[in-house]
Amino acid sequence: MNEVLKASGLHRSYREAGADMVIIDDVALSVNAGEKVAIIGASGSGKSTLLNILGGLDKPDSGEVEVAGEALYRVSETRRSAIRNRHLGFVYQFHHLLNEFSALENVAMPLLIGRKGVAQARKEAAELLDQVGLAHRLKHKPGKLSGGERQRVAIARALVCRPACVLMDEPTGNLDRHTAQEVESYLDRLNRESGTAFITVTHDLGLAKRMDRAVEIVDGRLRSWSDQSS
Ligand code: ADP
Ligand code: MG
């Protein structure tokens, strides 16, 4: 089995008004290369908390996450950042693009941070933008793009370093239905063509159903979810 991400024994609680509130309680998750996994759960159930822990952005109280065989939380912050940059991509509900930079520059940025030469970075960024149907928008700044286009730039940026796994938090949550479908079809294509695994937090059960599998957070625990309505 070719695992790109493997988490086990995760716990996370927040101290709130003098009491510990357990958000993540003994969670384990393994994701294979190219697999599409949805994480669902009620609002406030801990989906974003879990995703951030899986992505090396929020330290668990205990437990470990391995990405491409490397432990995230046994290493220094510097090393963790390097593993993130090399093996993971992130997409959020709001695009988090840099408004002063063009689409091309935004997508090239992670490659430059990863010390690729400028010409090569721009070339690879342009290829990725072409793959999300934005070859004609390279020089546009985020403010001149539609919501769906901005989200496709964010997706191109997440994939440009050829990560093993992309973590997404409500990637289509801020888009109208039609645009969300369009973005989803680009995501599907990239998943097929690149073999990148996707872990997607969503409250859209239709989207969850279209993944390879879905897991649900209930009372801090993760359980497999299957749609009962069809
Ligand atoms: P979801 O993404 O499923 O809506 P979150 O992971 O954002 O849920 O939050 C889960 C719970 O943890 C919520 O009750 C939230 O209020 C709490 N929480 C999240 N972040 C913090 C924090 N930094 N400090 C205290 N409580 C937090
Ligand atoms: Mg959330």
Side-chain angles (χ1 to χ4, degrees), residues 5-31 35-67 72-73 77 80-81 84 88-97 147-148 150-155 157-159 163 165-177 179-181 183-184 187 197-229:
L5 185 145
K6 185 174 157 63
S8 58
L10 296 179
H11 284 89
R12 182 76 166 93
S13 47
Y14 290 117
R15 196 146 184 88
E16 202 61 60
D20 279 335
M21 211 171 51
V22 177
I23 308 298
I24 302 296
D25 185 9
D26 196 23
V27 161
L29 181 69
S30 283
V31 177
E35 195 179 18
K36 285 190 296 180
V37 179
I39 298 175
I40 61 168
S43 175
S45 61
K47 302 182 296 296
S48 296
T49 301
L50 176 60
L51 198 75
N52 289 338
I53 292 172
L54 296 178
L57 298 165
D58 180 18
K59 213 172 163 76
D61 299 323
S62 59
E64 186 53 277
V65 178
E66 280 177 28
V67 172
L72 284 183
Y73 293 108
E77 179 57 43
R80 186 152 56 243
S81 298
R84 266 202 310 265
L88 298 175
F90 297 88
V91 179
Y92 301 96
Q93 180 171 3
F94 300 98
H95 55 82
H96 293 303
L97 297 171
R150 280 196 287 263
Q151 208 53 339
R152 278 145 63 194
V153 175
I155 289 163
R157 182 184 55 179
L159 280 148
C165 185
V166 176
L167 301 159
M168 299 189 265
D169 199 344
E170 303 279 8
T172 58
N174 190 38
L175 304 174
D176 65 72
R177 200 181 171 76
T179 309
Q181 277 169 0
V183 168
E184 192 187 329
L187 282 171
F198 287 164
I199 303 176
T200 308
V201 163
T202 182
H203 63 257
D204 177 349
L205 299 184
L207 176 61
K209 230 171 18 176
R210 292 187 290 277
M211 304 275 162
D212 297 321
R213 70 190 161 98
V215 291
E216 181 178 20
I217 303 185
V218 181
D219 296 331
R221 303 283 181 131
L222 209 56
R223 63 187 193 197
S224 71
W225 176 83
S226 58
D227 180 45
Q228 308 291 320
S229 71

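Indexing begins at 1, ligand by ligand and atom by atom, following the structure's order.
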So, R213 and E35, do they make that salt bridge, N to O below 4.0 Å? yes
Could you tell me whether the side chain of S13 reaches within less than 4.5 Å of the side chain of M21, counting heavy atoms only? no
For H96, enumerate each residue passing the ring-ring contact (aromatic ring centres under 6.0 Å, His included) test, keeping only those at least two apart in sequence or located in another chain. Y92
Could you tell me whether the side chain of D212 and the main chain of K36 form a donor-acceptor pair under 3.5 Å? yes
Would you check if there is a donor-acceptor pair between the side chains of N52 and T49 at a distance under 3.5 Å? no
Do the charged groups of E77 and R84 touch, with an N to O distance under 4.0 Å? yes
Can you pull the salt bridge (Lys or Arg N to Asp or Glu O under 4.0 Å) pairs that have at least one residue in residues 40-60, sequence neighbours excluded? R12-D58
Those protein residues which place at least one heavy atom below 4.0 Å from ligand 1: Y14, E16, I23, A42, S43, G44, S45, G46, K47, S48, T49
Suppose the cut-off is 2.8 Å; which protein N/O/S atoms would you list for the Mg ion (ligand 2)? S48 OG
Salt-bridged, E216 to R223, with N to O below 4.0 Å? yes
Does this structure show an ion pair linking D25 with R221, if we count only N-O contacts that are shorter than 4.0 Å? yes
